[in-house]
**Q** 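Handing you this structure, nothing more for now.
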Amino acid sequence: MKRRPECAEHESEGSSDQSIGRGDCSAEVGSSPGGLSNGTLHAMAKPPILTPQAEDFPRWYQDILTKAQLAENGPVRGTMVIRPYAYAIWERMVAEVDARIKAAGAENAYFPLFIPESYLKKEAQHVEGFSPELAIVTHGGGKELDEPVVVRPTSETVIGEYMSKWIQSYRDLPLLLNQWANVVRWELRPRLFLRTSEFLWQEGHCAHATEDDAASYAARILHEVYEEFMVNVLAIPVFTGRKIPQERFAGATNTLTCEAMMRDGKALQMGTSHELGQNFARAFDIGYQDEHGERQLCWTTSWGVSTRMMGGLIMAHGDDAGLRVPPRVAAVQAVVLVVKDEDGSVTQVARDLLDGLTESGVRCRLDAQVATGFGRRATDWELKGVPLRIEVGPRDLGEGRVVIARRDTGEKVPCELGELNIRAAAILEEMQLGMLEQSRSDRDARTFDVSSIAEAREAASTGFARIPWAALADGGIDQLAKEAITVRCLQSAEGGLAQSDDEPGAVALVARSY
RNA sequence: CGGGACGUGGCGCAGCUUGGUAGCGCACCUGCUUUGGGAGCAGGGGGUCGAGAGUUCAAAUCUCUCCGUCCCGACCA
């Protein structure tokens with residue numbers, strides 16, 4: 001079993017100079033490719049902007065939330081205020097996921113925030129699973145309510161009630177619904193984006209005629225919507241697999257998951273897709289008449305991704321200089337930064353460049369706040385993870401060029417004015433792929449195939465372990481649980497989704513997790 | 001909810017042991033000089049010291065209770 005040094009390793013490998021001006025990286029400092037800065041050695045004396053990841057990852061996470069102005073706690077414990085910059089990224093996620101959901105045939109609708117308590121109680125496992133985390137409204141209009149109202153922790157129940165009305169015939173199937181909403185699950189230990197009492201998400205709810213249809217749709221959403229989005233837009237590779245019974249959604253017969261590795265080696269469940277069997281169909285009488293006039297019960301599914309993905313984005317890509325947002329989700333893909341301007345002429349050129357970039361489809365913003373020093377602004381944009389910084393100063397313009405600085409590698413390259421639009425678009429594309437490759441190789445380097453529990457424990461101290469499911473058969477899960485290691489999912493021997501809880505040859509992916 | 005740490009301007013902290021009514025760095029505001037990697041100088045604004053109660057002539061400081069935050073566990077998207 002091979003081992004790699006702790007954390008943040010790829011910052012010190014290769015010729016990356018993303019450490020310019022920062023105190024967190026000792027080697028490679030003087031190598032600014034553009035040859036444009038010379039103060040880097042002095043800059044090393046400055047304290048790091050963020051607590052370095054290797055020193056204290058949770059603190060790094062807190063720091064970045066604050067300093068990149070992403071989110072903060074709301075006044076009620078567990079609630080979250082999402083600041084504009086982070087919300088803009090969330091909106092990009094929503095747009096991308098929504099398009100894929102629609103491509104998979106589901107339609108958006110909206111169901112109420114308040115659910116009669118009695119609905120929750122209709123499905124035994126569902127109530128049991130959720131009752132500890134419910135927020136329940138007992139008063140309204142100044143009076144005690146006859147029946148308490150639950151703030152939705154998820155909407156299987158209300159939606160089930162309406163599906164039951166809307167579905168009469170096999171011709172009404174499949175019924176593929178989705179809603180974007182907020183939900184509330186009272187959390188004991190909240191953590192911004194990762195686990196908040198109120199969060200934003202998308203919840204799909206579908207009814208199918210057969211178990212096979214339901215199963216294949218749940219898997220289709222997992223792969224074609226979630227995995228595809230995470231890999232190609234968020235540039236986060238994920239392991240997909242089947243949850244073990246203990247980790248299943250309350251009321252599901254099968255839960256599928258996308259598990260990603262964060263830069264501290266812990267796993268984050270980024271999305272789930274559930275087969276609900278006929279549990280909710282039975283509880284809410286979701287049924288139809290088939291071709292032969294026989295009454296049949298539907299098979300339902302539900303699936304969701306949430307603002308937790310923001311936490312995943314931050315922890316999968318962020319480095320000691322801040323966030324790194326892959327171009328396809330970046331709300332701001334490029335910032336045109338005026339280095340210095342004495343008579344307004346540089347800013348004018350910057351505006352023109354901005355217009356050109358905008359026309360060629362790059363989401364960009366102007367930073368002409370020359371009252372604030374260049375270094376300060378450069379650092380701030382790095383903190384926010386904007387993929388490209390286009391530096392425009394009098395010196396450049398004298399030579400008819402600008403400098404493009406990449407957030408992923410820290411590299412700076414000069415670019416002729418006339419080529420900016422094409423170059424920027426090309427670099428963004430390259431960065432998108434590069435970030436995915438980097439995440440994938442980092443993850444793979446920390447994912448170990450092991451055969452014993454002792455090895456799994458060892459591997460999970462820095463990353464993931466893949467262990468034969470059979471090796472955890474008697475007491476293995478409990479043994480690992482003592483070290484806070486859990487089974488993230490089961491995969492088949494070939495790497496696909498395990499088809500059952502006791503599939504022969506299945507492999508368990510185990511890790512510490514969020 | 002169990003174990004640990006901690007709550008002092010927006011952020012990070014000192015002051016608490018030996019009570020005497022608040023300070024530092026960053027950030028912020030104004031002006032000038034600056035601007036190619038976290039600017040400098042000068043001036044300025046902002047805190048009933050997490051909340052409540054108690055002890056005391058006097059509480060950031062001592063006592064109790066509560067609340068909140070962070071880490072570790074049980075629970076979860």
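These figures come from a predicted structure and were not determined experimentally. Chain letters run A, B, ... following the sequence lines, proteins first and then strands; every chain starts at 1.
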**Q** Let's test this: given Watson-Crick or G-U wobble pairing with both distances under 3.5 Å, identify the partner of B:A39.
**A** B:U33
**Q** Using a 6.0 Å cut-off, check whether atom CZ of A:R457 has over 12 heavy atoms from anything other than its own residue.
**A** yes
**Q** What does B:C28 pair with, Watson-Crick or G-U, if both distances are under 3.5 Å?
**A** B:G44
**Q** Find the distance A:D341:CG to B:U35:C1' and express it as a whole number of Å.
**A** 11 Å
**Q** For the pair made of CD in A:E411 and P in B:G37, what is the distance, rounded to whole Å?
**A** 18 Å
**Q** Should B:G9 form a Watson-Crick or G-U wobble pair with both distances under 3.5 Å, which nucleotide is its partner?
**A** none
**Q** In whole Å, measure the gap between the C1' atoms of B:A22 and B:C49 for me.
**A** 8 Å
**Q** Looking at B:G12, does its base get a donor-acceptor pair with the side chain of A:K67 below 3.5 Å?
**A** no
**Q** Measure from CZ on A:R248 to P on B:C76 and round the result to the nearest Å.
**A** 13 Å
**Q** Please list each protein N or O that sits under 3.5 Å from an N or O in nucleotides 71-73 of chain B, with the distance.
**A**
{"from": "B:C71", "atom 1": "OP1", "to": "A:R191", "atom 2": "NH2", "distance (Å)": "3.1"}
{"from": "B:C72", "atom 1": "OP2", "to": "A:R189", "atom 2": "NH2", "distance (Å)": "2.5"}

**Q** Could you check how far CD1 of A:I49 sits from P of B:G37, rounded to whole Å?
**A** 14 Å
**Q** Could you check how far CG of A:L65 sits from P of B:C70, rounded to whole Å?
**A** 10 Å
**Q** Judged by each residue's nearest nucleotide on RNA chain B, which is more toward the 5′ side, A:Y514 or A:V392?
**A** A:V392
**Q** For A:S513 and for A:V370, locate the closest nucleotide of RNA chain B by heavy-atom distance; then report the residue assigned to the nucleotide nearer the 5' terminus.
**A** A:V370
**Q** Applying a 4.0 Å non-hydrogen cut-off, can you work out what A:R376 is touching in the nucleic acid: base, sugar-phosphate, or nothing?
**A** sugar-phosphate
**Q** With heavy atoms under 4.0 Å as the rule, sort A:T196 into base, sugar-phosphate or nothing.
**A** base
**Q** For A:A235, enumerate each residue passing the side chain to side chain contact (heavy atoms under 4.5 Å, CB included) test, keeping only those at least two apart in sequence or located in another chain.
**A** A:H317, A:P326, A:Q432, A:M435, A:L436
**Q** Apply side chain to side chain donor-acceptor pair (under 3.5 Å) to A:D343 and list each qualifying residue two or more places apart in sequence or on a separate chain.
**A** A:S345
**Q** Rounding to a whole Å, what distance do you find between A:E391:CD and B:U35:C1'?
**A** 13 Å
**Q** Rounded to the Å, how far apart are A:D396 CG and B:U35 P?
**A** 15 Å
**Q** Going by the ring-ring contact (aromatic ring centres under 6.0 Å, His included) test, which pairs reach into residues 232-270 of chain A, not counting sequence neighbours?
**A** A:H126-A:F249, A:F130-A:F249, A:F239-A:F464, A:F249-A:H274
**Q** Does A:K384 qualify as a cation-pi partner of A:Y85, given the criterion of NZ or CZ under 6.0 Å from the six-membered ring centre and within 45 degrees of its axis?
**A** yes
**Q** Tell me the partner of B:G2, counting only Watson-Crick (N1-N3 plus N6-O4 or O6-N4) or G-U wobble (N1-O2 and O6-N3) with both under 3.5 Å; none if nothing fits.
**A** B:C72
**Q** Give one of base, sugar-phosphate or nothing for A:G304, where a contact means two heavy atoms less than 4.0 Å apart.
**A** nothing
**Q** Could you tell me the separation between the CD atom of A:Q125 and the CD atom of A:E123, rounded to the nearest 0.5 Å?
**A** 5.5 Å
**Q** So what does A:E187 touch, heavy atoms closer than 4.0 Å: a base, only the sugar-phosphate, or nothing?
**A** base
**Q** Could you tell me the Watson-Crick or G-U partner of B:U56, where both distances fall under 3.5 Å? Say none if there is no partner.
**A** none
**Q** Once side chain to side chain contact (heavy atoms under 4.5 Å, CB included) is applied, do any residues pair with A:T240, and if so which ones, sequence neighbours excluded?
**A** A:L222, A:H223, A:E227, A:V238, A:C258, A:L497
**Q** Pick base, sugar-phosphate or nothing for A:Y61, based on heavy-atom distances below 4.0 Å to the nucleic acid.
**A** nothing
**Q** Remember a base hit wins even if backbone is also touched, and classify A:P132 as base, sugar-phosphate or nothing at under 4.0 Å, heavy atoms.
**A** nothing
**Q** Considering residues at least two apart in sequence or located in another chain, which fulfil the side chain to side chain contact (heavy atoms under 4.5 Å, CB included) criterion with A:V81?
**A** A:E72
**Q** Who are the side chain to side chain donor-acceptor pair (under 3.5 Å) partners of A:T372, not counting sequence neighbours?
**A** none
**Q** Using a cutoff of under 3.5 Å, can you pull out all pairs of nitrogen or oxygen atoms linking the protein to nucleotides 4-7 of chain B, with atom names and distances?
**A**
none

**Q** Please indicate whether A:Q369 has more than 12 foreign heavy atoms, meaning atoms of other residues, nucleotides or ligands, lying under 6.0 Å from its CD.
**A** no
**Q** Round to the nearest Å and state the distance from A:R377 atom CZ to B:A39 atom C1'.
**A** 12 Å
**Q** Which one is paired to B:A14, where only Watson-Crick or G-U wobble pairs with both distances under 3.5 angstrom count?
**A** none
**Q** Not counting sequence neighbours, which residues clear salt bridge (Lys or Arg N to Asp or Glu O under 4.0 Å) with A:R59? List them please.
**A** none
